[in-house]
Each structure stands twice: as structure tokens, then as C-alpha cells.
Enquirer: 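Got a structure here, written out as C-alpha cells. Questions coming.
Positions are given from 1 along the sequence.
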Amino acid sequence: MEEQEQILDHVRDEIRRLFADDYSGHDVWHTIRVERTAAVIGQAKGCNVFVVRLGALLHDADDPKLFSTRNYQNARDIMARAHVDEATIEQVIAAIATVSFKGTDTQTPAALEGKVLQDADRLDALGAIGIARTFAYGGSHHRALYNPELPPQLHMDEAAYRSNRGSSLIISMRSFSSSRI
């Protein structure tokens with residue numbers, strides 16, 4: 001157990017560095033909130049809490065909205081430097097691979113750890129924090145706060161969702177309408 005905590009501390013330190021200059025709402029504090037929420041849910045559901053916590057810490061490390069990596073290279077490198085065994089690395093990658101909202105291409109994770117992680121991440125998109133994150137992301141990507149002349153685009157696949165330049169409020173409404181929660 002102590003070894004797992006040391007690994008988590010190492011990964012947390014690397015995530016702090018990776019997101020030190022992030023102002024998109026995907027900062028280190030989002031990651032810490034997701035880790036805490038995922039740990040609570042994971043314990044209640046009886047899943048592998050170590051995998052859930054690692055996944056929570058790394059779930060945005062290769063997010064295509066933020067990075068141009070392939071095959072979860074940031075997450076893989078961080079876990080390798082923390083001396084995480086290969087089987088655990090693959091479990092974590094499987095969990096984080098289906099977390100992000102991708103329009104109509106959004107997937108429900110197969111493993112319980114992925115489901116817990118996805119729910120924890122989505123819970124951080126609700127309430128005052130979620131609203132603040134929506135507008136922080138939009139501002140960091142030069143989106144208008146609200147433009148009624150840009151109607152919502154429904155039923156977008158991942159490519160259309162990622163390339164959509166609509167206003168933050170309209171995009172946010174679309175994301176919440178598709179939530180599993």
C-alpha cells in the first residue's frame with residue numbers, strides 16, 4: 001500500500017508539472033478533484049481503487065483537446081517513470097481511453113474502473129465548478145461566451161464535436177444533454 005501511495009505521489013507531481021500553465025479548466029485542481037471523487041466512488045463500488053486513482057490523475061494527460069500525443073504516450077511515460085507494472089499500465093489506459101465526451105462517439109467504458117472514472121470526471125463538469133470550467137475552456141480556445149446566431153449542432157460525431165467553434169454556452173448545453181448521469 002505504501003508503494004502505491006509513493007507511485008501516486010510521483011504521478012501527481014508529474015501532473016502538476018504537465019498542467020502548470022493550463023487555464024482551460026483541465027488544470028491540476030480538476031485532476032485532483034476527479035481523483036478524490038473517483039477514489040470515493042471506487043471504494044463504494046469495490047473496484048481496483050489504485051487503477052481508478054491512477055486513471056483519474058492521468059485522464060487528461062493525452063486529451064486531444066490539449067495534447068497531440070498518440071497511444072496515450074504522456075500517460076504511459078509518466079507511469080513508466082513511476083515504475084508502474086505493465087499490466088497496471090494497460091488497465092489504466094483501458095480506463096482512460098473511454099472517459100472523454102466525444103459527441104455521438106462517446107463510449108461507455110467496459111470495466112468498472114473506467115465507469116467510475118468517467119462518472120467522477122463528469123461530476124466535475126456539474127454545478128458552479130462545471131460552469132466555470134466551461135467558460136474557462138471556451139475563453140482559452142477563443143470561443144464566444146454566447147452567440148445566438150450559432151445554433152446548437154446536434155448529433156455530432158467526435159470529429160464534428162472537436163472541430164465545432166460554437167459559443168461556450170451552446171456547446172455546454174449539448175454536452176450535458178448527453179450525460180449518463
Side-chain angles (χ1 to χ4, degrees), residues 1-20 22 24-67 69 71-103 105-134 136-137 158 172 175-181:
M1 202 61 144
E2 185 177 318
E3 180 184 346
Q4 289 181 350
E5 288 302 320
Q6 289 175 347
I7 289 170
L8 291 166
D9 286 343
H10 178 92
V11 170
R12 207 175 289 110
D13 287 344
E14 291 219 30
I15 290 301
R16 280 187 175 95
R17 284 190 288 281
L18 186 65
F19 289 98
D22 183 273
S24 73
H26 295 85
D27 60 2
V28 69
W29 298 112
H30 160 67
T31 300
I32 301 274
R33 288 190 304 272
V34 172
E35 179 195 8
R36 290 176 181 161
T37 302
V40 170
I41 297 170
Q43 286 175 327
K45 294 295 183 182
C47 67
N48 185 329
V49 177
F50 180 61
V51 168
V52 166
R53 289 179 70 192
L54 272 174
L57 289 170
L58 294 163
H59 79 280
D60 283 333
D62 293 283
D63 187 324
K65 294 184 302 285
L66 309 170
F67 300 99
T69 56
N71 196 28
Y72 303 94
Q73 200 57 54
N74 282 339
R76 289 178 187 282
D77 290 348
I78 290 169
M79 286 188 282
R81 286 191 296 271
H83 306 291
V84 176
D85 65 88
E86 194 60 38
T88 302
I89 289 174
E90 292 309 316
Q91 283 183 289
V92 171
I93 296 302
I96 65 177
T98 54
V99 169
S100 292
F101 181 79
K102 299 172 184 158
D105 293 334
T106 298
Q107 300 172 342
T108 299
L112 180 58
E113 289 80 7
K115 291 176 184 178
V116 167
L117 181 53
Q118 189 176 65
D119 284 351
D121 187 42
R122 296 232 176 130
L123 284 168
D124 202 57
L126 299 175
I129 291 285
I131 293 167
R133 288 184 61 225
T134 295
Y137 182 82
E158 182 177 3
S172 175
S175 297
F176 285 123
S177 70
S178 298
S179 179
R180 294 184 323 121
I181 298 172

Enquirer: What distance do Gln91 atom CD and Asp85 atom CG have between them, rounded to the nearest 0.5 Å?
Expert: 8.0 Å
Enquirer: I need the Thr88 OG1 to His83 NE2 distance, nearest 0.5 Å.
Expert: 14.0 Å
Enquirer: Working to the nearest 0.5 Å, report the span between CG of Leu54 and CD1 of Ile96.
Expert: 9.5 Å
Enquirer: Is the shortest side-chain heavy-atom distance between Val34 and Leu117 below 4.5 Å?
Expert: yes
Enquirer: Drop me the distance from Thr37's OG1 to Glu35's CD, to the nearest 0.5 angstrom.
Expert: 10.0 Å
Enquirer: Are Arg53 and Gln4 packed together at the side-chain level, in the sense that at least one heavy-atom pair is separated by less than 4.5 angstrom?
Expert: no
Enquirer: Please check if any side-chain donor atom of His10 sits under 3.5 Å from a side-chain acceptor atom of Gln6, or the reverse.
Expert: no
Enquirer: Between Glu5 and Arg12, is a salt bridge (charged side-chain N to carboxylate O under 4.0 Å, His left out) present by the stated rule, with each step listed?
Expert: CA-CA 10 Å; Glu5 288 302 320; Arg12 207 175 289 110; 5.0 Å; no
Enquirer: Would you say the side-chain atoms of His30 pair up with the backbone N or O of Asp27, donor to acceptor, closer than 3.5 Å?
Expert: no
Enquirer: Start with the C-alpha distance between Arg16 and Ile32, add both sets of side-chain angles, then the distance that settles side-chain contact (heavy atoms from CB on, under 4.5 Å), and finish with yes or no.
Expert: CA-CA 10 Å; Arg16 280 187 175 95; Ile32 301 274; 4.2 Å; yes
Enquirer: Sequence neighbours excluded, which residues qualify as salt bridge (Lys or Arg N to Asp or Glu O under 4.0 Å) partners of Glu113?
Expert: none
Enquirer: Going from CG on Asn74 to OG1 on Thr69, what distance comes out if it is rounded to the nearest 0.5 angstrom?
Expert: 5.0 Å
Enquirer: How many angstroms lie between atom OG1 of Thr98 and atom CD of Gln118, to the nearest 0.5 angstrom?
Expert: 6.0 Å
Enquirer: Could you tell me which non-hydrogen atom of Asp60 sits nearest to which non-hydrogen atom of Leu66, and how far apart they are?
Expert: O-CD1, 4.0 Å
Enquirer: Restricting to non-hydrogen atoms, name the atom on Ala75 and the atom on Ala61 that form the minimum distance, rounded to 0.1 Å.
Expert: N-CB, 4.3 Å
Enquirer: Which heavy atom of Thr31 sits nearest to which heavy atom of Ala56, and what is that distance?
Expert: CG2-O, 3.6 Å
Enquirer: Which pairs would a plain distance check flag for residues 41-49, meaning a side-chain donor or acceptor within less than 3.5 Å of a matching protein atom at least two apart in sequence or in another chain?
Expert:
{"from": "Asn48", "atom 1": "OD1", "to": "Phe50", "atom 2": "N", "distance (Å)": "3.1"}
{"from": "Asn48", "atom 1": "OD1", "to": "Val51", "atom 2": "N", "distance (Å)": "3.1"}

